[in-house]
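Heavy atoms only: backbone and side chains are in, while hydrogens, waters and symmetry mates are out. Just so it is clear, the model here is predicted, and its values are computed rather than measured.
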Amino acid sequence: MRKTNRYRPVKKRKKLLTVVLCGCLVLAIAVVIFLKMFELKHFTVTGGSRYSAKEMERLLVTKPTDKVSLFFWLRMRLFGAGEIPFVEKVEIELTGRGSVEVTVHDKLVTGCVEQMGSYLYFDREGMVVESSRQRLMDVPLVTGLKFSKIVLRERMVTAKEGIFDVILDLARLIQKNELEVSQIAFGADDAVTLYVDGNVVSLGKKEHYDEALAVLKSLIAASGERKFKFDMTAYENGNNRITAQALDGGGDADMPGNGNLPISGTAGEPPPQQE
């Protein structure tokens, strides 16, 4: 009778198990080497003004796999960065095995209005591009107007026809002349008052504000560290003088429309409370 070797299947199983374990070990080593090679070490941010590089990294690198530069780059390319307040889009470039460069494109906002505790930001076309409880101090807050329609990603509509074109024109001129305007206030008669770097500027109601805002920059520069209430309601074509009343002690000053002379005077009323 022929004998069978019953130990042969056991040896085969041990050999197979050894091969599997060696394969797993090699695979694990390969994975470790891969993760080490593509570990995200350098996160560079260009463009954008609303967030620091650390804040952008915190907003974008949100998953464990994002710690691997290649996986992070693939996820951004396939699914995008998602909604980030005040950011239009984010572009990702893999600049090395362990480094990425993020280019941030801000949403263009020219002003905002407050509604029910939130700030609605609009662009140059009057389109509402963002709603946030965060107040951006470098964006003028528009007050004193009623709006009949304020919907995200739609154009704002004021209760009074044509007044929103005035807002957009003022916002354009503010950016053009690089004025630090925190508030654009409309009176009952649509007269405009600007709050500029601690100064109060009464512009009144005009057809065009180009010349007044162009002169205003030199007025602010001439005032130095002192703060004033400027009355420019009568200013037109550079022919009329401008009254300046000190807000921090001093008297009235009458100055040329070109704003080149220094300003002096004694105490005026403090400006109304701003947002």
Side-chain angles (χ1 to χ4, degrees), residues 110-114 119 122 124 126 135-147 158-275:
T110 56
C112 69
V113 296
E114 186 178 8
Y119 296 97
F122 55 86
R124 299 177 195 177
R135 170 79 167 91
L136 299 180
M137 299 312 297
D138 61 335
V139 177
L141 174 67
V142 179
T143 61
L145 292 180
K146 292 183 178 180
F147 293 85
T158 53
K160 187 177 292 187
E161 187 178 353
I163 196 69
F164 198 69
D165 292 331
V166 176
I167 298 172
L168 295 179
D169 187 48
L170 285 167
R172 176 184 63 82
L173 292 169
I174 287 166
Q175 289 188 335
K176 177 183 175 181
N177 292 285
E178 298 177 343
L179 295 167
E180 297 180 12
V181 176
S182 60
Q183 186 176 347
I184 304 172
F186 284 84
D189 55 351
D190 298 336
V192 176
T193 300
L194 301 183
Y195 295 87
V196 189
D197 192 23
N199 298 279
V200 183
V201 184
S202 298
L203 294 176
K205 184 178 181 180
K206 304 179 187 297
E207 282 191 34
H208 304 287
Y209 294 90
D210 304 60
E211 292 184 355
L213 264 66
V215 168
L216 180 57
K217 186 173 183 178
S218 61
L219 286 177
I220 300 296
S223 66
E225 296 297 320
R226 300 186 65 193
K227 305 303 177 184
F228 289 83
K229 181 176 182 179
F230 295 103
D231 187 351
M232 302 183 72
T233 54
Y235 181 81
E236 200 74 44
N237 300 322
N239 295 323
N240 296 296
R241 299 177 71 84
I242 299 166
T243 300
Q245 186 181 45
L247 297 173
D248 56 354
D252 293 347
D254 198 31
M255 61 185 304
N258 60 21
N260 289 327
L261 296 182
I263 305 171
S264 62
T266 57
E269 295 297 321
Q273 185 69 32
Q274 298 184 40
E275 294 291 334

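Put simply, the side chain of V166 reaches to within 4.5 Å of the side chain of Y209, judged on heavy atoms. Residues I242 and V215 form a side-chain contact, since some pair of their non-hydrogen atoms from C-beta on lies under 4.5 Å apart. Here the side chains of L213 and L194 are in contact, with some heavy-atom distance below 4.5 Å. Proximity of V113 to L145: side-chain heavy atoms (C-beta onward) are nowhere separated by under 4.5 Å. When side chains are defined from C-beta on, L216 does not count as touching N177, because their heavy atoms never get closer than 4.5 Å. A 4.5 Å side-chain heavy-atom check between F230 and T243 finds every atom pair outside the cut-off.
Of all the heavy atoms in Y235 and K206, the pair that sits closest is O-NZ, 3.0 Å. Scanning both residues, T158 and F147, for their nearest heavy atoms gives CG2-CE2, 3.4 Å. Listed here is the closest heavy atom pair of K227 and G198: CB-O, 3.6 Å. The two residues P140 and T110 make their nearest non-hydrogen contact at CD-O, 3.4 Å. Of all heavy-atom pairs spanning M232 and A212, the tightest one is CE-O, 3.4 Å. Closest of all the heavy-atom pairs between A188 and K160 is O-NZ, 4.5 Å.
Enclosure of atom CD in Q175 by more than 12 non-hydrogen atoms of other residues, nucleotides or ligands within 6.0 angstrom is indicated.
Put simply, CG on N199 and CG on L247 are 7.0 Å apart, with the number rounded to the nearest 0.5 Å. A distance of 9.5 Å separates CG in L170 from CG in D210, rounded to the nearest 0.5 Å. To the nearest 0.5 Å, atom NZ of residue K176 and atom CD of residue E178 are 11.5 Å apart. Between the CD atom of E211 and the CG atom of L173 there is a distance of 11.0 Å, given to the nearest 0.5 Å.
Evaluation of the ring-ring contact (aromatic ring centres under 6.0 Å, His included) rule for F186 yields no partner, not counting sequence neighbours. For D169, the side chain to side chain donor-acceptor pair (under 3.5 Å) partners are R172, not counting sequence neighbours. Among residues two or more places apart in sequence or in another chain, the side chain to side chain donor-acceptor pair (under 3.5 Å) test is passed with T233 by D231.
Note: F122 and F164 meet the aromatic proximity criterion, with ring centroids under 6.0 Å apart.
A donor-acceptor pair shorter than 3.5 Å can be found between the side chains of Q183 and T143.
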Verdict with supporting geometry, Y195 and L141, side chain to side chain contact (heavy atoms under 4.5 Å, CB included): CA-CA 10 Å; Y195 295 87; L141 174 67; over 6 Å; no

